[in-house]
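Whatever order the structure lists them in is the order used to number ligands and atoms, beginning at 1. If you read the sequence from its start, that first residue is 1, and numbering goes on from there. Because only heavy atoms are used, hydrogens play no part in the values below, and waters and symmetry mates are left out as well, while side chains stay in.
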Amino acid sequence: MENTKRYIGVFDSGIGGLTVVKSIVETMPDENILYFGDTAHVPYGTRSREQITEYVLNDVRFLSRFDLKAIVIACNTADAIAKDKVKELYPMPVFGVVDPASRKAADSTKNGKIGVIATNATVNSRAYNKEIAKYNADAEVLSVACPLLVPLVENGRFRKDDIVINTVLHEYLAPLREAGVDTLVLGCTHYPLLYDVISSMMPDVNIISSSVAAAEALRNGLEELGIFGEGACGERKYYVSDNAEYFEKTALVFMGDNLGGSVSHVEID
Ligand code: DGL
């Protein structure tokens with residue numbers, strides 16, 4: 001039984017969840033990862049709660065065909081909107097990105113002012129406000145929706161010398177700078193790629209990647225549950241609901257390395 005291959009099922013609206021996979025691989029390279037990217041329906045961040053929930057439940061239904069030991073919602077938008085529903089329907093450990101990043105932010109702030117940048121749906125859900133309040137009831141949370149960042153990052157506009165990303169970020173970050181936040185949560189899977197640009201604009205601010213925080217919390221969670229390393233042999237497989245070739249090509253930017261496994265197209269609707 002010990003040696004039966006088991007997977008961590010990781011899903012995202014598309015490609016951004018690969019920043020979470022990258023952090024998982026760095027933290028626990030032997031775990032088997034089964035990734036599903038709903039590339040046919042990306043982005044989730046501009047959609048309604050009902051639509052996001054429907055897509056998320058389809059994603060998990062697909063992953064649940066495999067022998068999973070845990071599910072990771074590697075998408076801030078999906079986690080913010082539908083984590084409770086996933087937990088209610090699937091009796092297995094469910095990990096996310098919002099809770100770990102909130103906890104880290106709450107622990108790290110000195111002046112109690114935390115900024116969050118995320119998609120429209122994540123900001124409107126107030127999920128970060130609620131989670132951060134659980135760990136630090138006095139923290140002031142200022143959230144800014146940044147709808148232009150996902151398409152810009154996917155189009156390669158994330159480098160430090162790129163005038164477009166600099167201009168857009170300058171505007172999005174202005175209210176956070178004015179408010180004097182000392183901690184900033186990158187509350188979207190795409191934003192770790194913007195780390196260099198953002199830290200050059202906010203050099204004294206502690207920047208928290210929800211992708212890195214998620215991998216750390218996953219490792220702790222698996223250890224606590226006694227399933228860390230169980231059925232693990234470092235296998236990785238990727239499934240997408242749209243063009244596999246496009247995913248494979250763009251994936252390298254998000255993973256910073258090769259995917260370490262095959263990509264297949266799958267119909268899940
Ligand atoms: N993965 C999403 C998130 O972290 C960003 C892309 C989307 O809007 O679907 O919020």
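- Across T39, I52, V42, a single residue satisfies side-chain contact (heavy atoms from CB on, under 4.5 Å) together with S13, and that is V42.
- Using modelled atom types and a 3.5 Å distance limit, the side chains of Y239 and D59 yield no donor-acceptor pair.
- The immediate protein surroundings of ligand 1, defined as residues with any heavy atom under 4.0 Å of it, consist of D12, S13, V42, P43, Y44, G45, C75, N76, T77, T119, V150, C188, T189, H190.
- Using modelled atom types and a 3.5 Å distance limit, the side chains of T109 and D182 yield a donor-acceptor pair.
- For R177, the CZ atom sits in a packed shell: over 12 heavy atoms of surrounding residues, nucleotides or ligands are nearer than 6.0 Å.
- Of the candidates T77, N76, N124, T119 forms a side chain to side chain donor-acceptor pair (under 3.5 Å) with just one, namely T77.
- The only option from V97, T19, V150 that meets the side-chain contact (heavy atoms from CB on, under 4.5 Å) definition with T189 turns out to be T19.
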